[in-house]
Amino acid sequence: AVLARILTATDYGLLGMVMTLTAFFYVFSDMGLSWATVQKRDLTRGQVDNLFWINAAAGATLWSACLLVGPLLNQFYARPELARVAVVLGAGFLLSSLTVQPLALLQRQIRLRAVSVIQMTAQAGGAAVGVSMALSGFGYWALVGQSLSVQAILLLLLFGHTGYRPGSPKAGQGTMKMVTFGGYLAAYGIVTYFARNLDNVLIGRVWGAEQLGYYSRAYFLMTLPMTLAAGSLVSVMVPSLSALNHDRERMAQAYRKAVSAICSLGFPLVAGLAVTAPEAVRLVYGPKWAPVVPIFLWLCIAGLSQPVYATGSWLLLACGRTRDLLLCGLAVMIVLASGFAAGVKWGPIGVAFSY
């Protein structure tokens, strides 16, 4: 809310152009191996160490990929500053990859208080850096600084709290089954990326940075109820459902209770935001963001399904059925891609209508 009053729609749009690339790369930085650690019933220290180094290698590779692909962003969007942003933002891949296993260990142990405090502290620190840079006139670099600061603080806090220190990688630890589990999950992440980011790519390419900035802020508001209603439950529901995998009736009962709670909170939030859309946008972003309102109203209709849709992956993850999760993701991608391609001719509002 503070940054939106200092920065412009173009600043957010420029970052959105780079994020269409980095969001795709982030799929590979995790490799699905965090949930492999959370879901596995009998986990050894050697397996965790091996997965840590796999994640670290993936993060370093993706940072290098940002260096190589950055010039292509310049050409695609005709904005010369994007390559520099991609290289600096790419450092977040290495930082993020190093946090995967320490965070997964806390989630596996369902130490939610520790996870929440660490994540909130990192977010608060990143916000302070972002606002400070914005007030100092750094423009879109404030958003980059915010993102990197969150990852750096998160890394320091996780290693400090868990006391985890990775050992050297070892063969014969049974890591391949976990990598296969994570591989299907990573493939699902790729499919989800295309389903969730094609709208940004099309708007940025056809309509430019400013219109993409308006759309990205509307999309963020649409996902807010889902984040508030379901986001905090992911870290507890997947390990809990995994523990109940041997008793399907208790597993189903726990899932139904969670969905009921999510709907009780999520649906009124979406409806309330839709009814008060002009006031909500003005309150959160300020009066200069009025073009967000009609985009946001259409997205609110889609937002009604988000709190329930987000929980579907819990069951498949808990049961180890990542292949089925991938097939579901492919079906969703086909539908969304068709809608976005048809709606982009009418700008961000047409894409929101299609969504």
Side-chain angles (χ1 to χ4, degrees), residues 1-7 11-12 15-16 18-19 22-23 25-27 29-30 34-35 38 55 59 85 88-107 109-136 138-162 164 189 196 213 216-238 262 265-266 269 273 280 283-286 289 306-307 310:
V2 175
L3 285 171
R5 284 162 169 76
I6 304 172
L7 304 177
D11 290 329
Y12 281 95
L15 189 73
V18 178
M19 290 290 284
T22 57
F25 283 173
Y26 266 116
V27 174
S29 66
D30 182 284
S34 59
W35 291 118
V38 172
N55 283 131
V85 175
V88 178
L89 200 62
F93 290 121
L94 182 58
L95 296 172
S96 176
S97 68
L98 299 179
T99 67
V100 172
Q101 291 307 312
L103 182 58
L105 290 173
L106 288 180
Q107 291 175 328
Q109 298 161 8
I110 318 182
R111 295 169 63 184
L112 300 183
R113 183 173 182 271
V115 171
S116 296
V117 170
I118 289 171
Q119 290 180 334
M120 286 190 295
T121 303
Q123 291 290 341
V129 171
V131 171
S132 298
M133 291 180 67
L135 289 172
S136 300
F138 282 93
Y140 55 83
W141 286 110
L143 300 173
V144 177
Q146 179 186 24
S147 177
L148 291 180
S149 298
V150 170
Q151 296 294 344
I153 296 170
L154 188 64
L155 176 64
L156 293 174
L157 293 178
L158 282 172
F159 272 91
H161 187 82
T162 62
Y164 171 71
R196 296 295 177 85
S216 69
R217 295 302 86 198
Y219 190 90
F220 172 80
L221 273 185
M222 184 270 287
T223 61
L224 193 59
M226 178 184 68
T227 302
L228 294 173
S232 60
L233 288 177
V234 176
S235 58
V236 66
M237 287 307 299
V238 173
I262 289 169
L265 177 61
L269 282 173
L273 282 173
L283 173 67
V284 176
Y285 296 136
W289 293 88
Q306 295 300 309

Any heavy-atom pair between the side chains of Val144 and Val18 that's under 4.5 Å?
no
Can you list everything that forms a side-chain contact (heavy atoms from CB on, under 4.5 Å) with Ala142? Sequence neighbours excluded, please.
Met133, Ala134
side-chain contact (heavy atoms from CB on, under 4.5 Å) evaluation trace for Leu3 with Gln146:
CA-CA 10 Å; Leu3 285 171; Gln146 179 186 24; 3.5 Å; yes
Exercise: identify the closest heavy-atom pair between Tyr140 and Asp11
N-OD1, 3.7 Å
Heavy-atom side-chain proximity of Thr162 to Leu105 below 4.5 angstrom:
no
What's the verdict on side-chain contact (heavy atoms from CB on, under 4.5 Å) for Leu106 and Leu112, showing C-alpha distance, side-chain angles and the deciding distance?
CA-CA 8 Å; Leu106 288 180; Leu112 300 183; over 6 Å; no
Measuring only between side-chain heavy atoms, which start at C-beta, is His161 closer than 4.5 Å to Val117?
no
Is the shortest side-chain heavy-atom distance between Leu224 and Val284 below 4.5 Å?
no
Who passes side-chain hydrogen bond (donor to acceptor under 3.5 Å, both in side chains) against Gln109, sequence neighbours left out?
Arg111
Determine which pairs satisfy side chain to side chain donor-acceptor pair (under 3.5 Å) with at least one residue from residues 92-107, sequence neighbours left out, and list them in order.
Thr37-Gln101, Asn55-Gln101
Not counting sequence neighbours, which residues clear ring-ring contact (aromatic ring centres under 6.0 Å, His included) with Tyr12? List them please.
Trp289
Those residues that, when tested against Ala152, pass side-chain contact (heavy atoms from CB on, under 4.5 Å) (two or more places apart):
Leu95
Not counting sequence neighbours, list each pair that qualifies as a side chain to side chain donor-acceptor pair (under 3.5 Å) and has a residue in residues 114-130.
none
Residues at least two apart in sequence or cross-chain that pass side-chain contact (heavy atoms from CB on, under 4.5 Å) with Leu135, listed by chain then number, are Ile6, Val131
Any donor-acceptor N/O pair, Tyr285 side chain to Arg217 backbone, under 3.5 Å
yes
side-chain hydrogen bond (donor to acceptor under 3.5 Å, both in side chains) against Tyr164, all qualifying residues, sequence neighbours excluded:
Asp49
